[in-house]
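Side-chain atoms are counted along with the backbone in the values below, which use heavy atoms only and exclude waters and symmetry mates. Proteins come first, then strands; the chains are lettered A, B, ... in the order of their sequence lines, and each starts at number 1.
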Amino acid sequence: MLDIRKIRENPEFYREETRKKGSAVDVMDVLALDEKRRSLLAEVERLKSERNAESKKIGEAKKRGENPEQAMAAMRILGDKITDLDLQVKAIDDEQTEKLMHIPNIAHASTPEGESSADNVVTREGPIPAKDRDFAAVDHKTLGERLGIFDFERGAKISGSGFPVYRGLGARLEHSLIQFFLDSHRECGFEEIIPPYLVTRNTMRGTGQLPKFEEDMYRCDKEDDLFLIPTAEVPVTNLYSDEIIPENELPKRLCAYSACFRREAGSYGKDTRGLLRLHQFNKVEMVYFAHPDKSYEEHEELTRFAEVLLEKLGLPYHRLALCKGDLGFGAAKCYDLEVYAPVEKKWLEVSSCSNFEDFQARRANIRTKINGKNQFIHTLNGSGLATPRVMVGICDNYQQKDGSLVIPEVLRKYMGGLEVIEPSK
RNA sequence: GGAGGAAUAGGCUAACUGGUAAGUCAGCGGUCUUGAAAACCGCCGCCGCAAGGCUUGGGGGUUCGAGUCCCUCUUCCUCCGCCA
């Protein structure tokens with residue numbers, strides 16, 4: 001959520017910048033509401049002040065044994081007026097907040113201009129082995145089914161498309177990735193969290209999934225009104241909602257494995273083969289609670305942590321700085337990491353590392369006290385990493401002519417020393 | 001699931017038949033000191049430049065006025081039952 005005071009100070013700037021982020025809501029509408037709300041608020045507070053003073057006098061009069069019937073009658077009328085005004089303020093406040101909740105964050109100055117993914121800028125080239133192979137490589141779906149490590153058909157049978165089944169060494173390889181990521185983060189000083197997978201509506205609002213993107217979420221049940229998390233970012237960022245984190249505890253670096261659930265509404269057809277786009281997948285997420293003055297340095301650090309994972313896995317990747325038009329709803333700046341999949345002949349997004357500045361912190365009410373003054377912290381998060389496309393990257397880059405799949409060096413210790421997954425004969 | 005109890009600011013603790021949140025510890029700033037402690041002064045729930053408003057787990061009600069009375073929800077504790 002944006003700071004209404006800042007919008008008030010510089011409306012044209014906010015109008016222009018939210019437009020670049022693709023906002024359908026005009027900040028001027030919100031400003032008009034704010035104007036009205038504040039004038040009503042001043043009025044009602046003046047009346048309350050009067051009531052407080054008069055009520056005190058009534059109490060004192062009664063103690064003296066008097067019967068201030070006249071004053072009480074007057075206060076009855078004043079009270080009704082206050083009730084009425086309070087309701088008006090509340091209604092306008094709700095409307096204003098609801099509008100604000102639909103307005104995206106504005107981009108940081110270092111974010112490139114642009115409207116779509118075509119305008120994103122490559123800011124780092126990772127190692128690219130990309131040597132020609134002397135055999136016709138097969139895609140991960142074909143390879144995985146031949147090796148017996150994925151079972152898409154049965155997954156679809158029991159849950160529908162987009163719900164993969166990993167089995168045997170495939171399940172073990174998946175666990176290896178998750179454990180490798182978590183171990184790496186722990187060595188870098190992260191605290192690991194195992195969060196709930198179902199969260200309340202309010203939690204979903206804190207990180208920005210709601211109210212705007214409800215159609216992308218799985219809602220558990222009408223009575224409980226709980227939602228399946230689309231990423232561990234949601235429960236982990238909200239761990240500190242409505243809290244004041246001591247300044248000396250910043251930054252907090254947390255990581256969490258979770259399954260992630262997304263409807264992926266509207267993304268039928270393209271790029272849905274195999275593991276490329278799923279309704280349920282596994283991901284390890286990194287979340288930072290950052291000091292507001294240092295979040296951009298920490299954004300670089302967090303992104304590097306994700307890149308190092310890809311380097312250790314020996315996967316070719318690059319880093320994109322997303323342009324304003326391609327930036328997510330709450331992000332002020334975002335780097336995507338993409339792995340090159342030579343069979344797909346595509347770059348696959350495996351991580352998205354974002355700085356939300358105080359956008360989520362204002363929604364979730366996460367603050368710190370700096371020089372005696374409460375101030376919203378900055379939240380950052382990044383995948384470290386999402387497994388499905390990393391798995392595709394491994395299949396594409398590590399398969400051999402005989403149909404076997406070499407296990408990346410760093411994962412072998414999690415696979416009991418196994419070096420290669422052989423096709424069954 | 002059943003029965004009972006509890007929730008006050010960062011912790012702890014008060015508030016007559018309803019009269020407008022007292023105090024304490026921790027913390028922060030200052031005086032003093034070579035430095036520290038002690039002592040003393042100030043700050044010490046939130047918003048606001050201020051005036052002022054708001055705040056006793058959340059929401060609602062009664063009242064001129066609610067920590068206090070009523071309804072409701074949530075969380076925690078104790079006991080019983082059930083359960084991986």
N/O (side chain, [X]) to phosphate O (OP1/OP2, [N]) under 4.0 Å:
X        : N     : result
A:Arg76  : B:C64 : yes
A:Lys369 : B:C46 : yes
A:Asn52  : B:C54 : yes

According to the Watson-Crick and G-U wobble definitions, with both distances under 3.5 Å, which nucleotide is paired to [N]?
N     : result
B:G18 : none
B:G4  : B:C77
B:U34 : none
B:A51 : none
B:A9  : none

Which listed nucleotide ([options]) is nearest to the side chain of [X]?
X       : options             : value
A:Lys62 : B:C64, B:C47, B:G53 : B:C64
A:Lys48 : B:C47, B:C54, B:C64 : B:C54
A:Lys56 : B:U20, B:C64, B:C54 : B:U20
A:Met72 : B:C64, B:C47, B:G53 : B:C64
A:Glu45 : B:G53, B:C47, B:G19 : B:G53

Point to revise | A:Ser49 or A:Ala71, whichever maps to the more 5' nucleotide of RNA chain B | key: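 Closest to the 5' end, via its nearest nucleotide, is A:Ser49.
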Point to revise | Whichever of A:Lys63 and A:Val44 has its nearest RNA chain B nucleotide further upstream toward 5' | key: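 By nearest-heavy-atom nucleotide position, the 5'-most residue is A:Lys63.
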Checking all strands, does [X] fall into the base, sugar-phosphate, or nothing category for heavy-atom contacts under 4.0 angstrom?
X       : answer
A:Met75 : sugar-phosphate
A:Arg46 : nothing
A:Arg38 : nothing

Indicate the ring-plane relationship of [X] and [Y], choosing parallel, tilted or perpendicular according to the 30° and 60° boundaries.
X        : Y        : answer
A:Tyr166 : A:Phe150 : perpendicular
A:His279 : A:Tyr218 : perpendicular
A:Phe359 : A:Phe329 : perpendicular

With no hydrogens and no angle check, just 3.5 Å: does a side-chain donor-acceptor pair link [X] and [Y]?
X        : Y        : answer
A:Tyr257 : A:Gln179 : no
A:Ser258 : A:Glu285 : no
A:Tyr335 : A:Glu300 : yes
A:Asn365 : A:Ser241 : no
A:Thr207 : A:Glu233 : no

Nearest-Å distance, [atom1] ([X]) to [atom2] ([N])?
X        : N     : atom1 : atom2 : result
A:Ile77  : B:U63 : CD1   : C1'   : 16 Å
A:Leu41  : B:A51 : CG    : P     : 16 Å
A:Ile244 : B:C47 : CD1   : C1'   : 13 Å
A:Glu50  : B:A51 : CD    : C1'   : 15 Å
A:Asn67  : B:C64 : CG    : P     : 12 Å
A:Arg37  : B:C47 : CZ    : P     : 14 Å
A:Glu54  : B:G65 : CD    : P     : 13 Å
A:Asp242 : B:U75 : CG    : P     : 16 Å

Span that lies between the [atom1] atom of [M] and that of [N], in whole angstrom:
N     : M     : atom1 : value
B:C32 : B:G19 : P     : 45 Å
B:G2  : B:A66 : P     : 34 Å
B:U68 : B:A15 : C1'   : 9 Å
B:C82 : B:U17 : C1'   : 47 Å
B:C77 : B:C64 : C1'   : 39 Å
B:C46 : B:A50 : P     : 14 Å
B:C28 : B:A38 : P     : 12 Å
B:U8  : B:G58 : C1'   : 15 Å

Practice item. Answer yes or no: is there an ion pair linking A:Asp84 with A:Lys81, defined by an N-O contact shorter than 4.0 Å? Key: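 Salt bridge flag = no for A:Lys81 with A:Asp84.
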Point to revise | Residues A:Lys141, A:Glu153: salt bridge by 4.0 Å N-O rule | key: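 Answer for the salt bridge query: no.
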Exercise for review: Using heavy atoms and a sub-4.0 Å distance, could you list which residues of residues 79-103 of chain A are near RNA chain B? By number, please.
Suggested key: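 Contacts with RNA chain B under 4.0 Å: none.
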